[in-house]
Q: 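The structure's right below; bear with me while I get my questions together.
On a predicted model such as this, the values are computed, not experimentally measured, just so you know. We name chains A, B, ... by the order of the sequence lines, and we start the count at 1 in each one.
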Amino acid sequence: MNIVVLVKQVPDTATERKLNAADNTLDRAASDGVVNELDEYAIEEALLLKEKHGGEVTILTMGPDQATDSIRKALSMGADKAVFVNDDALHGSDSLQTAYALAQALGTLEFDLVVLGSESTDARTGVVGAALAEYLGLPQLTLAGKVDVDGGAIKIQRQTDYGYDVVEAQLPAVVSVVEKINEPRYPSFKLIMQAKKKPVDKKSAADAGIDTAKVGLANATTETVDFAAAPPRAAGTIVKDEGDGGVKIADFLAEKKFV
Amino acid sequence: MAEVLVLVDHVDGQVKKVTTELLTAARRIGEPAAVWVGEGVESGKAALAEFGAEKVYVAPAELNDYVVAPKAELLAKLAQDKGAAAILVSATAENKEIAGRTAVKLGSGVLTDVVDVNADLVTEHSIFGGATVTHGRVKTGVPVIAVRPNSVPAEAAAGAAAEEAVSVELSDAAKAAKVVERVVQEQGERPELTEAAIVVSGGRGVGSDDFTVVENLADSLGAAVGASRAAVDSGWYPNQFQVGQTGKTVSPNLYVALGISGAIQHRAGMQTSKNIVAVNKDPEAPIFELVDFGVVGDLHTVAPQLTEEIKKRK
Ligand SMILES: Cc1cc2nc3c(=O)[nH]c(=O)nc-3n(C[C@H](O)[C@H](O)[C@H](O)COP(=O)(O)OP(=O)(O)OC[C@H]3O[C@@H](n4cnc5c(N)ncnc54)[C@H](O)[C@@H]3O)c2cc1C
Ligand SMILES: Nc1ncnc2c1ncn2[C@@H]1O[C@H](COP(=O)(O)O)[C@@H](O)[C@H]1O
């Protein structure tokens, strides 16, 4: 079974994240880039499926030059190879354009399953998986907390507001994962060394079959009109419990008319 | 005035509060038209009328048998047939997916996790865990917008709520992922997490699967109960109550965090709460950066005392 895992590089959530004043896009140079947390779970799930069913795991990343670091990280977890779609024309693409571009790139690859994270920590749109399924015309098995593949059939537990749905489909399919699904592995020293030699196939937009008139900031379907730092929260009151902490909170709640 | 489609969230015919918020926002833009999928419209219609729905489109329950795609086909078709000015859905994980697919079908743009929307369809967003406020706009096609619950205050205004049955011939692609079983985990009598005006959450500091210290405080306030990922992963509280980046995003009037450190992933799901109270025994816990009122202390003594105080003052 051949699996493509979509891996996005995002600014480290532990650092201060910024937007670019010039074009209101994410300032990717301002903070360290890391693999989007949920994508590590996607990689792990693909590796588990490969261990069970055989085949190959390919990483697909679209992004600026520095995303190479995230590709190496993904390869050092145990993926076999990577495709890196890297083209200035893609800068400023919104979530739907990203889904379109990834769908086109997937069209140049052979796969039984596409696995991705259900949400990225920067944009947090959570639409790429669904939009990708729409573009590819493949079954949408998103928000998966459990995945089982049996021959050509796939079954997932889809996390819902009330519990979960059991969903069935035929391969090929698009699966997005939630963090309940597994515990991502740490790369071993051996794998880190091996990862340096694994093939990374760099593609321009044209190589990946992407129509550049449909991507990038100028063609985006949405725009960020302006941005500003959120007004700082008024400094709160913090007290040490001297045996009356509960009473003091009650006083605060009374003042705010909650009780 | 052009119609603004509002996808209704309901549980067995009971309309969720967020839908009344969306109808309120829709009235700024055009004429609200509610889109109801499944059974129960008889019991839900009054609430839709009360918040200004001029029309109620009712689609068959069959659309719920498959993942996301059927509702996107319905919304795209209605938007085209009715010349809709915009489509509003609540920003739940599923509805954001519906929004994304609908926008692809319409060749339009989608904005998710919006905290406000004005008459010109300019949206407001709170990003980077609440640190930055942005305004956005859809540039192409019919804007599809997912609005965070508890962001736009619901205001009543009577609407005709004229019912019209609609249907859509589902494509094969839309039927490719079939729901074969629905597992509903008990919610109990408490308000729904994303809808609640008050949320009381417990974290690793609760210390065991005995969450009664959290539940008792929640019940004294008529609040929903939430949990951090640490508490959920430890098996102390069910998954659907997780608050945070990969759990639910809540925006209540009051959020009480008991024994929660305030990791960035947790903050991402609660930072826009209007008032924040925390009890934590570590004065350095990052949650204290957010609080309006914080107590450094043991939640196992502070929370029960608070619960008693609230009961006394009622
Ligand atoms: C991909 C990914 C997604 C994630 N998504 C989420 C998410 O959606 N939601 C989420 O919450 N987390 C999420 N996390 C996890 C997050 O990083 C933290 O690990 C988690 O929020 C910690 O939970 P906690 O605050 O309960 O536990 P801890 O960080 O262990 O904090 C426990 C706190 O309780 C205090 N305490 C202990 N005993 C007491 C006592 N008796 N009285 C008072 N205080 C006490 C301690 O001082 C401490 O501050 C995610 C992580 C990843 C990698
Ligand atoms: N530029 C990208 N390259 C590869 N994968 C991506 C990219 N953008 C988004 N994804 C995938 O889509 C998921 C959801 O992203 P989003 O919808 O932007 O929150 C991520 O977890 C990734 O798996």
Q: If we only count heavy atoms from C-beta on, is the A:D161 to B:T92 side-chain gap below 4.5 Å?
A: yes
Q: So among B:T134, B:T123, B:L111, which one has a side chain to side chain contact (heavy atoms under 4.5 Å, CB included) with A:T224?
A: B:T134
Q: For B:T301, which atoms come within 4.5 Å of any heavy atom of chain A: side chain, backbone, both, or neither?
A: side chain
Q: Side chain, backbone, both or neither: which part of B:V277 has a heavy atom under 4.5 Å from chain A?
A: side chain
Q: So, B:Q265 versus A:E179: side-chain donor-acceptor pair below 3.5 Å or not?
A: no
Q: Less than 4.5 Å apart, any side-chain heavy atom of B:V110 and any of A:T222?
A: no
Q: Check each atom of A:I249 against the heavy atoms of chain B and say whether the ones under 4.5 Å are side chain, backbone, both or neither.
A: both
Q: What part of B:T249 gets closer than 4.5 Å to chain A, counting heavy atoms only: side chain, backbone, both or neither?
A: side chain
Q: Under 4.5 Å heavy-atom distance to chain A, tell me which part of B:K311 shows up: side chain, backbone, both or neither.
A: neither
Q: Can you confirm whether B:N253 sits close enough to A:F258 that some side-chain heavy atom of one is under 4.5 Å from a side-chain heavy atom of the other?
A: yes
Q: Counting only non-hydrogen atoms closer than 4.5 Å, does A:D94 touch chain B with its backbone (N, CA, C, O), its side chain (CB onward), both, or neither?
A: neither
Q: Using a cut-off of under 4.5 Å on heavy-atom pairs, state which of B:V104, B:T140, B:L290, B:V279 scores highest against chain A.
A: B:V104
Q: Shortest non-hydrogen contact from A:E119 to B:Q245?
A: OE2-O, 3.3 Å
Q: Checking B:I264 against chain A: side chain, backbone, both or neither under 4.5 Å from a heavy atom?
A: side chain
Q: Check whether any side-chain heavy atom of B:V183 lies under 4.5 Å from a side-chain heavy atom of A:Y162, and answer yes or no.
A: no
Q: Checking heavy atoms, do the side chain of A:S118, its backbone, both or neither come under 4.5 Å from chain B?
A: neither
Q: Where does B:L217 contact chain A at under 4.5 Å (heavy atoms): side chain, backbone, both or neither?
A: neither
Q: Of the backbone (N, CA, C, O) and the side chain (C-beta and beyond), which part of A:A254 lies under 4.5 Å from a heavy atom of chain B, both, or neither?
A: side chain
Q: Which region of A:E37, side chain (C-beta onward) or backbone (N, CA, C, O), has a non-hydrogen atom less than 4.5 Å from a non-hydrogen atom of chain B, or is it both or neither?
A: side chain
Q: Between B:N239 and A:Q159, is there a side-chain donor-acceptor contact under 3.5 Å, judged purely by atom types and distance?
A: yes
Q: Check whether any side-chain heavy atom of A:V167 sits under 4.5 Å from a side-chain heavy atom of B:V180, and report yes or no.
A: no
Q: Please find the pair of heavy atoms, one from A:L143 and one from B:A93, that lie closest to each other, and give the distance.
A: CD1-CB, 3.8 Å
Q: Ignoring hydrogens, what is the shortest heavy-atom contact between B:A177 and A:Q140? Give both atom names and the distance.
A: CB-O, 3.5 Å
Q: Which bit of B:E73 is near chain A, if near means a heavy-atom gap under 4.5 Å: side chain, backbone, both or neither?
A: neither
Q: Which atoms of B:A197 are under 4.5 Å from chain A, going by heavy atoms: the side chain, the backbone, both sets, or neither?
A: neither
Q: Do B:V291 and A:I238 come within less than 4.5 Å of each other through their side chains, counting heavy atoms only?
A: yes
Q: Does one side chain, of A:T142 or B:E97, offer a donor that lies under 3.5 Å from an acceptor on the other?
A: yes
Q: Would you say that A:L253 contacts B:L254 through its side chain, given a criterion of any heavy-atom pair below 4.5 Å between the two side chains?
A: yes
Q: Go through the side-chain N and O atoms of A:Y164 and B:R182 and say whether any donor and acceptor fall under 3.5 Å apart.
A: no
Q: Does any backbone or side-chain atom of B:I98 lie under 4.5 Å from a heavy atom of chain A? Answer side chain, backbone, both or neither.
A: neither
Q: Under 4.5 Å from any heavy atom of chain B, what part of A:V259 do you find: side chain, backbone, both or neither?
A: side chain
Q: Does any backbone or side-chain atom of B:K312 lie under 4.5 Å from a heavy atom of chain A? Answer side chain, backbone, both or neither.
A: neither
Q: Given a strict heavy-atom distance threshold of 4.5 Å, which part of A:K248 is in contact with chain B: side chain, backbone, both, or neither?
A: both
Q: Against chain A, label B:R101 side chain, backbone, both or neither, depending on which of its atoms sit under 4.5 Å from a heavy atom there.
A: both
Q: Select one option (side chain, backbone, both, neither) describing which atoms of A:L132 are under 4.5 Å from chain B's heavy atoms.
A: neither
Q: If we only count heavy atoms from C-beta on, is the B:L306 to A:V247 side-chain gap below 4.5 Å?
A: no
Q: Where do A:A250 and B:E309 come nearest, in terms of heavy atoms and distance?
A: CB-CB, 3.7 Å
Q: Could you tell me which portion of A:K180 (side chain, backbone, both or neither) has an atom closer than 4.5 angstrom to a non-hydrogen atom of chain B?
A: side chain
Q: If you tally heavy-atom pairs under 4.5 Å against chain A, which of B:K314, B:K248, B:E124 wins?
A: B:K248
Q: By a 4.5 Å heavy-atom criterion (distance strictly below it), what part of A:D251 contacts chain B: side chain, backbone, both, or neither?
A: both
